[in-house]
Amino acid sequence: MTHMKPYIFLLFLFLSLGIYAQTEEIPYRRSSLYSILVNNTASEYSEVIKAAFLTMPLPEKYNDHDLSVKVIDTDGTPFGIREDKENRRFTNFLKKNHVASRLVSKWFLRNPETGECSLQQIQERGLYNASTFEREMAQRSARSEALLMDAGEDLIGNTYVLVNSIESADKSAGAKIAGALLGIAGAVTSIATSNSGFGNLGKFSADELEKFQKFKVRINTFLYQLVWDDEAAGLFYKEVYSDKPDVEKQKYFEEIRDKFQLKYIGKVESKAGKTDFSGLQDPMDMVRKACKRALDENVVDLAHRFEFFRPKMPLLSTAPLKADIGLKEGLTPQSRYEVLEVVTDENGRRSYKRVGVVRPKADAIWDNRYMSVEENAANATLGATTFEKVRGGDFFPGMLIREINE
Amino acid sequence: MRKIFFCCFLSAVLAFGLCQLLQADDEIPVGYQEAKPWGNQLLKVRRGKSYGLLRKSGEVVLNADYSRISDLNCYGKAILQKGSKYGVISADGEILVPADYKALYDFIPANQLPKDSQLAAYGNARVSLAEFSTLDTLLTDAKYLRFKKMSSEVDYIIDDHANIILKDVSDIVSLPVNGMMRWWMNYSTFCAYGYYNIDSQQKTTVSSTFGDNPQNLKGMTDFSHGDFIGDIAPVRGDSSFFFVNKNGEKVKEGYDVQCNATEDIWVFRKDGQCEIVNSQGEALFADKGYADLHFPPADGDQSLMAAKSNGKWGVVTMDGQQVLPFKYDDAELLTNGLVRVASSGLWGVADLKGKTLVPCAYMDIEVGGDVAANACWVEPSDSLYHIFLIKEQKQLPTGYVYIYPFKEGYAWAQPNDSLYLNRSQAGDERYGAVVGVDGRTYFSTPLRYEDYPLVLDFIHKNGDKPLGSLEGRRLYLYMTRNQRSYRFENIIPEEEWDY
């Protein structure tokens, strides 16, 4: 019996780890997003779309890197919005308002009044051990440089801007339900600000609710990436970064904002399909759901097209293989995901090494789309998608998965 | 010939069918060119230049015979117009007043009349003047309206179902109250005024200002005559006030000035002493010899009033029992059992037991409803408002230009600082900060009062700790993001960015 004790202990340990892996949230590095709405004020729906955009949750697999400017008004559908090329108007807006420099500022929590910066955001999002990180940075060693390079590549360089032009796609229903939608516009503003829910907007007749069911949107999303190369990083760390108030550095940054840039990557257009509003009585929920689903669809499309934009997500468990993704991320039975092991070198720099490939089980794909539970969608309550191994070695919780084209 | 006829017939059928299909897709009922929601229940439809109302099912509620159907007002009433005739319709399509009248006139609150028509003589009445007809949207609940018949120059007063309640009105009149309507007839150098009794249809003149002391309505600096409270109403005569009954007969007289009024009572002074005249015409407190009376606010203790006796103010109950002694130069009842009291021209605060909470040392005092906050605002000689801590009996040094009362331990206040003053001058709104009863600034980013509740909510959720200036600015930008939108053509100012 004595010789059995180690095995019993190990069994207990593995079981415990398994339980731990299934119940603890596993932190992982995410790309960062700043999302802007281009709002056609000539549209009857402009106020409700704006309210829906400002109150809908951000894509979960990305860090919130929003800035305070969220809505840009236009007096009609922006020219060239449906063409599959860079929209110069959008690009010029981002450039002349120095959006790239502001995204960089946010990474370093830069105080615009004093120039003081902090690495706290980087430490938190980079999942660096707080005390170790502080110590390394203070020492300014090769290791600290390596950590910053790691952060630059994996975090700052994975900062994106989404410029979304949202339009109603159903003209035939427009005139008839505009009155009802405009009727709620007055209350929408305060609701969006207070985040307190829909509030008392009065009752809608069955006929009017039926008309909301026809609401459809088309979203054109333009993707930009923050350029964080050696030149940008060097400029910032040498000439701008200061962990104390520094008037000269504060002023200098204002002069060199245009040295930081965004790069246009590409654009996609949502399909303007019909959204299932069953289970919803609140017209604002319907509008929000239609917008969110379409926006999620665009994010998935962009991730399909641009590999570097694809999120990496952790395996929550290995027996069975499960991950916190689903239909919202565009999962299908034909999807293939590489399993990545995070490798950290002696200086703390991370890299990712493929150790296998998995695919979702056809009957176990989680429907995690926005408000799928309310519409009683099948598999809405699974909580995660179950995968099966296609090839590779042993997998462990905490390993990451990322979609591949195969 | 047959072929031509057949082709024409076929074309007509096809065209009709196509129209049906198109109209079915557009969901405009057949036979109309336009359909828009009207209220929550109906559609306003247009056929040619005429309008009507349909239910959503297509059932006709009002034939398209009207040249205009106005938007519904907040009372669910709208104007019907047929040519040059007017009527009133409700939100469910019921015609309240047929479109038979040459003009309709609302009873408009006196303070909403054009500036040069707002006269002190009207007091706070809702009046109907023949020169202000209602052409666009009804302003009131249309419970009473004045109208002019097609063939007449005199007006009638109707209720909201077109029942005539008063005929042959040629004066300025006020909204019926307790079965009586005030009237005025203004002339260049004098005026006359009185009442219409709706029940008896009798018109009485209670006063006129021709004679020894002529003046017209515009010359009056006080109200001319009041609405009836119960069976009596006050009237301003040539040299004094008097009360009349519904027949226009004097029932009490000799009052030299009005002190106060509520919905149920009038307070007048006679021979230097106040009387409360209730709706039965009874004079209360006539024996007490009070020279003046102040009543509590609507949310204050209605069993008390401040009274002046022998030149000093105190607080008494409504049945004459003394609560605070008559030792103050002035007294005003507040909520929460507090009293603003004055001595030597300076204000302080006392409780109903006479304990001084704030000494009488200030030009003004603002006490909020939140007594537990232990703080109020005081205005010393620097003309700025300062926080006064009641338990500590201490005035804090920082002064504010504009303040709101403390509530839940916080208040919105505008510091005497160019950051806030310049911002306020630039627009037409005031910008301030959030101040705690401890005198600390909890949110220093210039903040409109309208946004104050949201910031207060955040402060509470943040553990009731002050926010730094940058943190506050970023919070404010985040909270107001839905109110801010920008144009592609413009460069967004730096203060609109959080980074």
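Quick caveat: nothing in here was measured; it's all calculated off a predicted structure. Quick note: numbers below take in every heavy atom, side chains included, and nothing from hydrogens, waters or symmetry partners. Below, read A as the first sequence line, B as the second, and so on, with proteins coming before strands; counting in each chain starts at 1.
At a 4.5 Å heavy-atom cutoff, A:Val104 makes no contact with chain B through either its backbone or its side chain. Contacts between A:Asp75 and chain B at a heavy-atom distance below 4.5 Å involve backbone atoms as well as side-chain atoms. In this structure, the portions of A:Phe90 lying under 4.5 Å from any heavy atom of chain B include both its backbone and its side chain. Heavy-atom distances place no part of A:Leu103 under 4.5 Å from chain B, backbone and side chain included.
A:Asp66 approaches B:Asp498 most closely through the heavy-atom pair O-OD2, 4.3 Å. When every heavy atom of A:Asn97 is checked against every heavy atom of B:Asn490, the shortest pair comes out as ND2-O, 3.8 Å.
Side chain of B:Arg481 to backbone of A:Ser68: no donor-acceptor contact under 3.5 angstrom is found. Panel note: side chain B:Arg487, backbone A:Ile72; no donor-acceptor pair is recorded below 3.5 Å.
The line from CG of B:Leu470 to OG1 of A:Thr114 is 8.0 Å long, rounded to the nearest 0.5 Å. With values rounded to the nearest 0.5 angstrom, B:Phe488 atom CZ is found 6.5 Å from A:Thr74 atom OG1. Note: B:Tyr499 OH to A:Arg110 CZ = 11.0 Å, rounded to the nearest 0.5 Å.
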Inset, instruction - Evaluate salt bridge (Lys or Arg N to Asp or Glu O under 4.0 Å) for A:Lys96 paired with B:Glu489, printing each intermediate quantity in order. - result: CA-CA 10 Å; A:Lys96 73 183 177 191; B:Glu489 304 78 39; over 6 Å; no

Inset, instruction - Decide ring-ring contact (aromatic ring centres under 6.0 Å, His included) for B:Tyr486 and A:Phe93; before the verdict, give the C-alpha distance in whole Å, the side-chain angles of both, and the deciding distance to 0.1 Å. - result: CA-CA 11 Å; B:Tyr486 309 89; A:Phe93 169 82; 8.2 Å; no

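Among the candidates B:Arg484, B:Lys36, B:Arg473, the residue making the largest number of heavy-atom pairs closer than 4.5 Å to chain A is B:Arg484. Counting heavy-atom pairs closer than 4.5 Å to chain B, the top residue among A:Lys106, A:His98, A:Lys70 is A:Lys106.
Counted within 6.0 Å of OH on A:Tyr264, heavy atoms from surrounding residues, nucleotides or ligands total more than 12; the atom is thus considered enclosed. Residue-environment remark: OH (A:Tyr237) exceeds the threshold of 12 foreign heavy atoms within 6.0 Å.
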